[in-house]
Each structure stands twice: as C-alpha cells, then as structure tokens.
Amino acid sequence: YVGIHLLDGRKLLALLSLNRLEAELPDRFIRIHRSYIVQHALVTSLVGNQVKLREELLLPVGKSYKEGVLKRIFYTNE
C-alpha cells in the first residue's frame, strides 16, 4: 500500500508500489527516498540530508537519490 498526502490535507491509500506510482506520475514529481516521492515545486530548501517542503515539513533524502535531487530541483529552472 502507498499513502498519498494531498495539498488540501486529504490522505489516500492505494494498492500499488512506489515504483509503479513513480512511473505513472508526471515529471513534476521526483523520488527523494525509497519511501518518498514529492512534487518538486514544493521543495523550498535542502537541509543536510533532508528536503524542506512548503516551509513546514522535512523529509529525508536517500543517499542514492541525493545527486538526482540536487540536479533536478536545485540546478535546473524547471
């Protein structure tokens, strides 16, 4: 099961894998950890090995995802 947190505060539960969800989502989403996919427009900063979302939530960035997160979110104009 995958828990999906929507911007309006609702939470959904879906029977699928994160790999499948990642493949189905548009390019504006990025995998930051084996347990997390986020909309990269909501990322405001990188704090150590965590990303800050909307000035209120910190989520971990996995070691194997960090380089991709840096390139995709902080070094492009997407």
Side-chain angles (χ1 to χ4, degrees):
Y1 289 95
V2 173
I4 301 169
H5 297 258
L6 303 174
L7 291 175
D8 64 7
R10 292 182 296 150
K11 297 175 186 174
L12 306 172
L13 193 60
L15 179 58
L16 56 104
S17 70
L18 270 181
N19 287 333
R20 171 117 186 251
L21 179 62
E22 181 180 23
E24 298 289 329
L25 287 170
D27 287 342
R28 67 178 179 262
F29 290 87
I30 184 170
R31 184 99 177 240
I32 63 166
H33 186 274
R34 68 185 180 109
S35 300
Y36 298 102
I37 298 173
V38 299
Q39 185 176 349
H40 66 72
L42 301 178
V43 175
T44 58
S45 63
L46 182 67
V47 181
N49 286 328
Q50 298 177 313
V51 292
K52 186 182 265 191
L53 300 179
R54 302 178 77 199
E55 301 299 328
E56 57 199 44
L57 177 65
L58 288 172
L59 293 175
V61 175
K63 289 179 186 179
S64 62
Y65 298 95
K66 189 167 185 176
E67 184 177 338
V69 169
L70 287 171
K71 285 180 182 176
R72 180 112 181 261
I73 294 177
F74 297 105
Y75 297 123
T76 64
N77 292 325
E78 293 186 48

Q | Any residue meeting side-chain contact (heavy atoms from CB on, under 4.5 Å) with Ser35, in chain and number order, not counting sequence neighbours | A | His33
Q: Mind checking the NZ-NZ spacing from Lys66 to Lys71? Nearest 0.5 Å is all I need.
A: 14.0 Å
Q.
Starting from Ile37 and following side-chain heavy-atom contacts under 4.5 Å between hydrophobic residues (I, L, V, M, F, W, Y), which residues can be reached?
A. Val2, Ile4, Leu6, Leu12, Leu16, Leu18, Leu21, Leu25, Phe29
**Q.** Glu67 atom CD, over 12 foreign heavy atoms within 6.0 Å
**A.** no
**Q.** By side-chain contact (heavy atoms from CB on, under 4.5 Å) - contacts of Leu59 (at least two apart)
**A.** Ile32, Tyr36, Val38, Val51, Leu53, Leu57
Q. In the hydrophobic cluster built from side-chain contacts under 4.5 Å, what are the other members alongside Val47?
A. Leu58
Q.
When you measure from the side chain of Ser45 to the backbone of Lys52, do you find a donor-acceptor pair of N or O atoms at a distance under 3.5 Å?
A. no
Q: Tell me, please, which residues at least two apart from Glu22 pass side chain to side chain donor-acceptor pair (under 3.5 Å).
A: Arg31
Q: Show which residues join Tyr1 in its hydrophobic cluster (side-chain heavy-atom contacts under 4.5 Å, direct or indirect), or state none.
A: Leu13, Leu15
